[in-house]
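Every chain is numbered from 1, with letters handed out A, B, ... down the list of sequences. The structure displayed is predicted, hence computed values, not measured ones. Every heavy atom of this structure was used, including side-chain atoms; hydrogens, water molecules and symmetry mates were not.
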Amino acid sequence: MPQVMSTLSQRLLDWFAIHKKPLPWRENNEPYRIWISEVMLQQTQRDRVGTYFRRFLERFPDVASLAASREDDLLKLWEGLGYYSRARNLRKAAAIIIDEHGGSFPDSPEALLALPGIGRYTAGAILSIAYNKPEPIVDANVERVFARVFDLDLPVKDKTTSAFLWTKARELIPKDRAREFNQAVMELGSLVCLSRKPRCSACPIQPHCEAYRLDIVLERPVPAKAKEYIPLEVATGLLVHQGLIFVQKRPTEGVWAGLWEFPGGSIEAGETPEQAVVREYQEETEFDVGDLEKIAVVRHGYTKYRVALHCYFCALTNGRREPVLHAAQESRWVRPEELANLAMPAGHRKLLDLLVRDLRFAERLRRP
DNA sequence: AATACGTGGGC
DNA sequence: TGCCCAAGTAT
């Protein structure tokens with residue numbers, strides 16, 4: 001049995017040596033770069049990360065620059081990637097590395113796990129990829145590959161299954177080759193051992209794969225219980241006054257924390273989208289708004305919600321333009337072109353992209 | 001332990 | 001098109 005294990009590992013290493021893809025974060029193994037890339041890759045497909053990673057490294061080339069960053073700038077850089085607490089945690093962790101580690105990047109599991117945003121996976125990834133330490137990692141790729149190789153008949157998030165995966169991931173690491181081995185398993189998962197279209201004929205460890213032998217590759221891993229999606233009808237209003245647009249910055253906690261948005265919220269039962277806009281403005285800012293003009297319905301999703309965002313222009317119906325904020329940290333009146341500099345949730349960004357391309361709305365934006 | 005936390009690509 | 005999925009973490 002040990003021979004089989006080592007052969008599996010050796011086959012993976014040999015395959016990876018040939019098929020390893022050049023990626024922006026593979027130019028070198030500096031811990032800082034590995035850290036940033038691994039956090040960006042959390043729950044995010046790697047093809048989406050490249051541009052963000054390059055921009056990030058250009059703007060914040062080291063821990064010190066990140067520690068000195070402004071949260072608004074960081075969130076703008078992160079706009080569109082999702083899970084924005086990752087960006088806020090990067091900044092917090094950078095400050096800890098400067099203040100408590102004298103600026104040198106931690107290289108122990110304990111120190112890494114103590115940093116916000118670094119859990120078991122990311123700690124293992126940094127230790128193995130940056131420092132070549134024999135620490136295991138289990139991500140969605142490893143879960144899928146091993147669920148097939150070992151024919152695991154319970155969902156991979158299952159407690160015992162998860163424990164098994166971490167044990168196997170540790171056992172299979174060849175001495176002194178953790179860096180290449182851990183990446184090899186993930187690379188196999190992303191290039192060959194694909195979720196819906198596995199390329200078993202191109203797989204270097206096919207002879208070791210129990211699910212292949214049993215011809216049940218597509219039945220592994222066993223899916224977790226289906227997620228429940230909740231449809232949401234939401235209304236938002238783009239409040240224009242004397243050529244300026246009202247925006248508010250979301251609270252420090254919860255979804256889209258620290259991002260900028262137009263006031264709005266769920267459409268209540270028996271309420272029209274227009275009524276929801278007026279009510280939400282009253283509740284969130286104490287503004288009286290009216291003169292609504294429909295722009296579009298933007299569809300987007302976040303976590304378990306599937307949102308239909310009903311978008312309107314609106315105007316102040318009395319003169320007062322100083323809000324009383326009940327759902328935001330701060331607010332601003334900005335010129336339309338300034339909106340590009342603010343980090344906004346994808347739904348609101350989609351709305352703006354749509355406006356920019358539609359000249360029908362230019363006049364409303366200019367109206368004093 | 002279960003849930004919150006985003007987004008866009010693929011089919 | 002609606003649903004699944006992705007280099008997870010925090011609470």
(request) Scan A/Leu259 against the nucleic acid and name what it touches under 4.0 Å (heavy atoms): base, sugar-phosphate only, or nothing. (result) nothing

(message) Could you check whether A/Glu58 pairs with A/Arg55 (Lys NZ or Arg NE/NH1/NH2 to Asp/Glu carboxylate O, under 4.0 Å)?
(response) no

(message) Over all strands shown, is A/Gly189 touching base, sugar-phosphate only, or nothing at heavy-atom distances under 4.0 angstrom?
(response) nothing

(request) Remember a base hit wins even if backbone is also touched, and classify A/Ala140 as base, sugar-phosphate or nothing at under 4.0 Å, heavy atoms. (result) sugar-phosphate

(message) Taking the nucleotide of DNA chain C with the nearest heavy atom to each, does A/Pro116 or A/Ser37 sit closer to the 5' end?
(response) A/Ser37

(message) Between A/Lys294 and A/Glu274 (salt bridge meaning N to carboxylate O under 4.0 Å), is one present in this structure?
(response) no

(request) Figure out the CD/P separation between A/Gln45 and C/dG8, and round it to whole Å. (result) 10 Å

(message) Taking donor-acceptor contacts at under 3.5 Å, does the side chain of A/Arg196 reach the base of C/dC5?
(response) no

(request) Would you classify A/Arg144 as touching base, sugar-phosphate or nothing, given that sugar-phosphate means primed atoms plus P, OP1 and OP2, and contacts are heavy atoms under 4.0 Å? (result) sugar-phosphate

(request) With the side chain of A/Tyr83 defined as its heavy atoms from C-beta on, choose the nearest nucleotide among C/dA7, C/dC5, C/dG8. (result) C/dG8

(request) Please report, rounded to the nearest Å, how far the P atom of C/dA6 is from the CD atom of A/Gln43. (result) 8 Å

(message) I'd like to know if A/Tyr121 reaches the base of C/dG8 with its side chain such that a donor and an acceptor end up less than 3.5 angstrom apart.
(response) no

(request) Could you check A/Arg88, A/Gln329, A/Glu71 and say which one makes a side-chain contact (heavy atoms from CB on, under 4.5 Å) with A/Thr252? (result) A/Gln329

(request) Record whether the side chain of A/Gln42 comes under 3.5 Å of the base of C/dG8 through a donor-acceptor pair of N or O atoms. (result) no

(request) Over all heavy atoms of both residues, which pair between A/Thr236 and A/His348 is shortest? Give the atoms and the distance, please. (result) OG1-CE1, 3.7 Å

(message) If you compare every side-chain N and O of A/Tyr305 against the phosphate oxygens of B/dA4 (OP1, OP2), does one of them come in below 4.0 Å?
(response) no

(message) Is there a side-chain contact between A/Trp25 and the phosphate of C/dA7, meaning an N or O under 4.0 Å from OP1 or OP2?
(response) no

(message) Looking only at the side chain of A/Thr303 (C-beta and beyond, no hydrogens), which of the listed nucleotides C/dA7, C/dC3, B/dC5 gets closest?
(response) B/dC5

(message) At 4.0 Å (heavy atoms only), tell me whether A/Arg26 reaches a base, stays on the sugar-phosphate, or touches nothing.
(response) base

(request) Kindly say whether, by distance alone, the side chain of A/Thr44 makes a donor-acceptor pair under 3.5 Å with the base of B/dG6? (result) yes

(request) Tell me whether the OP1 or OP2 atom of B/dA4 has a side-chain N or O from A/Lys304 closer than 4.0 Å. (result) yes

(message) Measuring to OP1 and OP2 of C/dA10, would you say a side-chain N or O of A/Ser85 lies under 4.0 angstrom away?
(response) no

(request) Nearest-nucleotide wise, let me know which of A/Arg46 and A/Asn89 is further upstream toward the 5' end of DNA chain C. (result) A/Arg46

(request) Give one of base, sugar-phosphate or nothing for A/Pro223, where a contact means two heavy atoms less than 4.0 Å apart. (result) nothing

(message) It should be established whether A/Arg86 places a side-chain nitrogen or oxygen under 4.0 Å from OP1 or OP2 of nucleotide B/dG6.
(response) no

(request) Tell me which nucleotide among B/dT3, C/dA7, C/dC3 gets nearest to the side chain of A/Glu38. (result) C/dA7

(request) Look at A/Arg170 together with A/Glu135 and state whether they make a salt bridge at an N to O cut-off of under 4.0 Å. (result) yes

(request) Flag the pair A/Phe164 / A/Phe146 as yes when their ring centroid distance falls below 6.0 Å, and as no otherwise. (result) no

(message) With a 4.0 Å limit, can you tell me whether A/Tyr84 has a side-chain N or O closer than that to the phosphate oxygens OP1/OP2 of B/dT7?
(response) yes

(message) In whole Å, I'd like the distance from the CE atom of A/Met40 to the P atom of C/dA7.
(response) 17 Å

